[in-house]
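Just so you know, these numbers use all the heavy atoms, side chains as well, and skip hydrogens, waters and symmetry mates.
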Amino acid sequence: MNPWTSRRAATSAALMVSFGRARGLDADTLLAGTGLGEREITDPGGEITDDQELAVIANLVSALDDRPGEGFALGLRYQAAVHGIFGYALMSCATVRDGIEVGTRFFDLTFAFSRAALEYAGDEVRFCLDDRHVPAHLRGFLLERDVSGILAHWGALWGQPSEVRRIEVAESLGERVAPVLRDRGFRVETTASTHAVVVDARALDRPMPTASPEAAAVLLRECAELLQRRQNHGEFGARVREVLLRRAAEGPTQDQVAAELGSSVRTLRRQLGEEGTSYRAIVAETLRTMAGELLDAGLPVERVAHRLGYADASSFSVAFKRWTGRTPGGRRRERRSV
């Protein structure tokens, strides 16, 4: 199964071609094997697939001999406006806390290939990046690019980079990435877990200078619609999701979902695989989304667990923390403190 089948704006590919040109590389070299031309990547409304962007990245990394520091330099070009609706949604948030939570919630609208999660620990907040599923030969370059982009956003939107306490880099990339970050004045620690940008929690309640509740309401709705469209699982995946949404409280098994769709489990798995997803992925996405909406609506954790088909609040809490990096109670306390 190809995990890189969702769509994204072509803007990042155009940025990389521009970046490469500044280093003496031509567009044909960077777009080789992608099926893309300059017209497609410069179209303001153009979209490409994840694997097409990965191919551009691979061409760029190869042409630059994977030199340390190049990814960081590229990341500085990914300012908020480059991300379109998502970037403007960040700018409209009421507080820094809202901003980083929106950033995590809609992280798939960025140009990153890693998975994001927030962890609140005392006076620190860890914005975690899990890139273990990313092709190994691109991980160093992409980690540089993503961390650089995060730091650029933090400084431009939410405050001074001094609020970044440290950057944690997984041991597997420490030798490659840590020197690049240290050379730019950041404290770096290697860790056995995933990467993280760690910031001072005291910054979270600071109001955003460009806050607009009216704009935020519109932009967040548009972000949700855009994410749903780009990650559309295809016709069969949409049918699976509809069954899960309707029968969540029953906790339907894969066999039951397949039977309702007039399919066998084997056929269900095959058709979802052809659409670039899996039954487990759709279940996790559907339940995570429903859980967040129900918790935000004020339902007790026990009722949310029941609505989603869990035997008790404890088992639901374990699943929720696996999805989001937080417990249901932790999420609720954070929302109340805003």
Atom of [X], atom of [Y] and distance for their closest heavy-atom approach:
X: P328; Y: V301; value: CB-CG2, 3.8 Å
X: P68; Y: V180; value: CB-CG2, 3.8 Å
X: A117; Y: T104; value: CA-CG2, 4.0 Å
X: A63; Y: L25; value: CB-CD1, 3.6 Å
X: V257; Y: P252; value: CG2-CB, 4.0 Å
X: S193; Y: A170; value: O-CB, 3.3 Å

Does a sphere of radius 6.0 Å around [atom1] in [X] hold more than 12 heavy atoms from other residues, nucleotides or ligands, not counting ones at 6.0 Å or beyond?
X: R270; atom1: CZ; value: yes
X: R132; atom1: CZ; value: no
X: Y88; atom1: OH; value: no
X: R126; atom1: CZ; value: yes
X: E175; atom1: CD; value: no

Student check: side-chain heavy atoms of [X] and [Y] closer than 4.5 Å:
X: L138; Y: F113; answer: no
X: Q52; Y: E40; answer: no
X: R202; Y: D123; answer: no
X: L308; Y: L294; answer: yes
X: Y310; Y: S317; answer: no

Shared ILVMFWY cluster between [X] and [Y], side chains joined below 4.5 angstrom?
X: V218; Y: L109; result: no
X: M16; Y: L54; result: yes
X: L181; Y: V198; result: no
X: V283; Y: V318; result: no
X: I48; Y: V56; result: yes

From [atom1] ([X]) to [atom2] ([Y]), nearest 0.5 Å:
X: T95; Y: R97; atom1: OG1; atom2: CZ; result: 6.5 Å
X: F127; Y: I167; atom1: CZ; atom2: CD1; result: 12.5 Å
X: L129; Y: D146; atom1: CG; atom2: CG; result: 6.5 Å

[Y] versus [X], side-chain donor and acceptor atoms under 3.5 Å:
X: S62; Y: N59; result: no
X: D51; Y: T49; result: yes
X: Y78; Y: S12; result: yes

Could you tell me whether a side-chain N or O of D65 sits under 3.5 Å from a main-chain N or O of R67, the two making a donor and an acceptor? no

Using the ring of each side chain (for Trp, its six-membered ring), is F111 parallel, tilted or perpendicular to H83, with breaks at 30° and 60°? tilted

Can a salt bridge be assigned to the pair R166 and E124 using a cut-off of 4.0 Å between side-chain N and carboxylate O? yes

Check D130 with R115, please: is the shortest side-chain N to carboxylate O separation under 4.0 Å? no

Among I57, L173, V147, find the residue that satisfies the side-chain contact (heavy atoms from CB on, under 4.5 Å) test when tested with L142. I57

Relative to F19, does R77 satisfy both conditions: NZ or CZ under 6.0 angstrom from the six-membered ring centre, and within 45 degrees of the ring's axis? no

Is R145 close enough and on-axis enough to F141, meaning under 6.0 Å and within 45°, for cation-pi? no

Going through the checks in order, is the side chain to side chain contact (heavy atoms under 4.5 Å, CB included) test met by W154 and V197? CA-CA 10 Å; W154 185 270; V197 177; over 6 Å; no

Evaluation steps, side chain to side chain contact (heavy atoms under 4.5 Å, CB included), between L261 and F236: CA-CA 9 Å; L261 295 175; F236 196 78; 4.0 Å; yes

Before giving the answer on side chain to side chain contact (heavy atoms under 4.5 Å, CB included), spell out for V243 and R239 the whole-Å C-alpha distance, their side-chain angles and the decisive distance to 0.1 Å. CA-CA 6 Å; V243 173; R239 291 173 62 198; 5.9 Å; no

Evaluation steps, side chain to side chain contact (heavy atoms under 4.5 Å, CB included), between V304 and F320: CA-CA 11 Å; V304 175; F320 189 82; over 6 Å; no

